[in-house]
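Encoded as structure tokens, the structure appears first; notes follow it.
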Amino acid sequence: MAIRTLNRLTKALIAPALALGATVGIASAPAQAAVWNSCDQWGSTTLNGYTLYNNIWGSGAGSQCIWANSGTSWGVWANHPDTGGIKSYPNAKKVINKPITSLSSLSSSYNVTVPSSGVYNTSYDIWDTGHKYEIMLWVNRTGAVGPLGTSQGNVTVGGHTWTVYKGNNGSNDVFSFVRTSNSSSGTVDILPILKWIKDTKGWFGNVTIGDLQFGFEITSSSGGLNFTTNSESVSSS
């Protein structure tokens with residue numbers, strides 16, 4: 001399995017320079033004109049409260065271009081070789097910046113169109129502001145890809161049943177919730193998941209939730225594949 005071993009907070013420091021193919025690009029965007037697009041390795045923009053990142057960080061990555069109609073309607077065309085190791089995590093980020101006990105609600109809905117081939121997962125990636133803890137919620141996956149750490153068994157929380165993994169990448173603890181069946185659309189009630197980690201398992205205390213990202217963690221997509229977020233929203237109070 002392709003195992004996650006790196007803290008995304010350090011990826012920009014270690015990723016090699018990439019030669020992005022000039023022949024890919026915006027031809028891979030949808031028929032309607034996107035309001036923003038980029039084939040830059042670290043291309044980013046902010047649209048209606050969400051920050052979008054192309055985020056090609058892994059060793060041996062190929063070409064990838066991101067487009068967006070809004071912060072919640074976007075996609076990527078990626079052509080990464082069939083080699084091990086995660087190549088990229090294009091995503092849309094929403095900043096929360098609230099302690100868990102100060103949140104009365106935190107949820108997100110998603111609707112994606114993903115390829116039937118390649119090696120990848122569609123996931124939320126949630127960080128505390130101290131960057132000590134990373135919570136991943138995998139809603140679907142394809143190919144030989146698996147989370148960091150050891151299985152802690154199954155739990156039904158936040159509206160889904162997950163297999164939970166607990167690990168450490170050398171920089172931070174990682175708690176991965178892998179949905180027991182693939183889903184291309186749905187709603188995740190995130191706050192009960194955070195409370196389960198905090199109160200039921202005691203794996204962290206009343207941490208402040210910082211960034212909440214949603215995107216595609218791509219290991220390989222040889223020949224060029226499209227990953228589309230048809231819609232996604234994050235709400236909190």
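We're numbering straight along the sequence, starting at 1. Hydrogens, waters and symmetry mates play no part in the numbers below; they use all other heavy atoms, side chains included. These numbers come from a predicted model, not from an experiment.
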Side chains of Ser105 and Ser237, heavy atoms from C-beta outward: is any pair under 4.5 Å? yes
Verdict with supporting geometry, Trp74 and Thr228, side chain to side chain contact (heavy atoms under 4.5 Å, CB included): CA-CA 6 Å; Trp74 61 277; Thr228 305; over 6 Å; no
Residue set satisfying salt bridge (Lys or Arg N to Asp or Glu O under 4.0 Å) with Lys93, at least two apart, ordered chain then number -> Asp211
Test applied, side chain to side chain contact (heavy atoms under 4.5 Å, CB included); reference residue, Ser235; option that passes from Ser109, Ser108, Ser107: Ser107
Got a second to check how far Asn121's CG is from Ile86's CD1, nearest 0.5 Å? 7.0 Å
Would you mind writing out the side-chain donor-acceptor pairs for residues 95-103 within the sub-3.5 Å range, not counting sequence neighbours?
from, atom 1, to, atom 2, distance (Å)
Thr101, OG1, Asn206, OD1, 3.2
Thr101, OG1, Asn206, ND2, 2.8

Quick check: do Thr219 and Tyr120 have side-chain heavy atoms less than 4.5 Å from each other? no
Validation row: Thr122, Trp138 side chains within 4.5 angstrom (heavy atoms): no
Nearest-0.5 Å distance that lies between atom CD in Gln64 and atom OG in Ser38: 10.0 Å
Is there a side-chain contact between Val234 and Ile190 (heavy atoms, below 4.5 Å)? no
If you look only at distance, which donor and acceptor atoms sit under 3.5 Å apart when one is on a side chain in residues 156-167 and the other is two or more places apart or in another chain?
from, atom 1, to, atom 2, distance (Å)
Thr156, OG1, Thr161, OG1, 2.8
His160, ND1, Arg179, NE, 2.8
His160, ND1, Arg179, NH2, 3.4
His160, NE2, Thr187, O, 2.8
Trp162, NE1, Val157, O, 2.9
Trp162, NE1, His160, O, 3.4
Thr163, OG1, Asn154, OD1, 2.8

Any donor-acceptor pair under 3.5 Å from Asn111 side chain to Glu232 backbone: no
Strictly under 6.0 Å, is that where the ring centroids of Trp127 and Tyr133 end up? no
Using a 4.5 Å cut-off on heavy atoms from C-beta on, say whether the side chain of His80 contacts that of Ser88. yes
Are Trp196 and Phe177 an aromatic pair by the rule of ring centers under 6.0 Å? yes
What distance separates Ser104 OG from Leu191 CG, expressed to the nearest 0.5 Å? 8.0 Å
For a 4.5 angstrom cut-off between non-hydrogen side-chain atoms, does Ser123 reach Asn140? no
Do Ser231 and Tyr110 have side chains that approach each other closer than 4.5 Å (heavy atoms only, starting at C-beta)? no
OG1-CG distance between Thr229 and Asn91, expressed to the nearest 0.5 angstrom: 9.5 Å
Here the gap from Tyr53 atom OH to Tyr89 atom OH, rounded to the nearest 0.5 Å, amounts to 12.0 Å
Does the ring of Tyr50 carry Lys94 above it, NZ/CZ under 6.0 angstrom from centre and within 45° of its axis? yes
Measuring from atom CH2 of Trp77 to atom OG of Ser63, what distance do you get when rounded to the nearest 0.5 angstrom? 6.0 Å
Could you report the tightest heavy-atom contact between Gly223 and Asn79, atom names first, then the distance? N-OD1, 2.9 Å
Heavy-atom check, side chain of Ile193 versus side chain of Val188, under 4.5 Å: yes
